[in-house]
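Report on one structure; see the data block that follows.
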Amino acid sequence: MVYCPMCSGSAKRVARHGWKDFFLHLMGYYPFRCTLCHHRFRLRRRT
């Protein structure tokens, strides 16, 4: 389970948008959005 760093609510993985998200995907980062506060953030892939 992924939690939001702003409000500690649960977060869902969202689609990538733009070149920045594409580049970060190559580095192992994925975009997430909080279901409570709608804060968008990126986290590194877990192994």
Start with the C-alpha gap between His39 and Cys7, add the side-chain angles, then the distance that decides, and say whether side chain to side chain contact (heavy atoms under 4.5 Å, CB included) holds. CA-CA 9 Å; His39 174 68; Cys7 72; over 6 Å; no

When you measure from the side chain of Arg44 to the backbone of Met27, do you find a donor-acceptor pair of N or O atoms at a distance under 3.5 Å? yes

Counting distance only, does the side-chain N/O of Arg33 pair as donor-acceptor with the main-chain N or O of His38 below 3.5 Å? yes

When rounded to the nearest 0.5 angstrom, what is the spacing between CZ in Phe41 and OH in Tyr29?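 Phe41 CZ to Tyr29 OH: 13.5 Å, rounded to 0.5 Å.
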
Drop me the distance from Leu36's CG to Met6's CE, to the nearest 0.5 angstrom. 12.5 Å

Looking at every heavy atom in both Ala11 and Phe32, which two are closest together, and how far apart are they? CB-CB, 4.3 Å

What is the minimum heavy-atom distance between Pro31 and Arg42, and which atoms define it?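 Closest approach of Pro31 to Arg42, heavy atoms only: CA-CG, 4.1 Å.
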
With the side chain counted from C-beta on, respond yes when His17 and Arg40 share a heavy-atom pair under 4.5 Å apart, and no when they do not.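 A side-chain contact exists here, since the closest heavy-atom pair is under 4.5 Å.
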
Within a strict 4.5 Å, meaning less than it, do heavy atoms of the His25 and Asp21 side chains meet? no

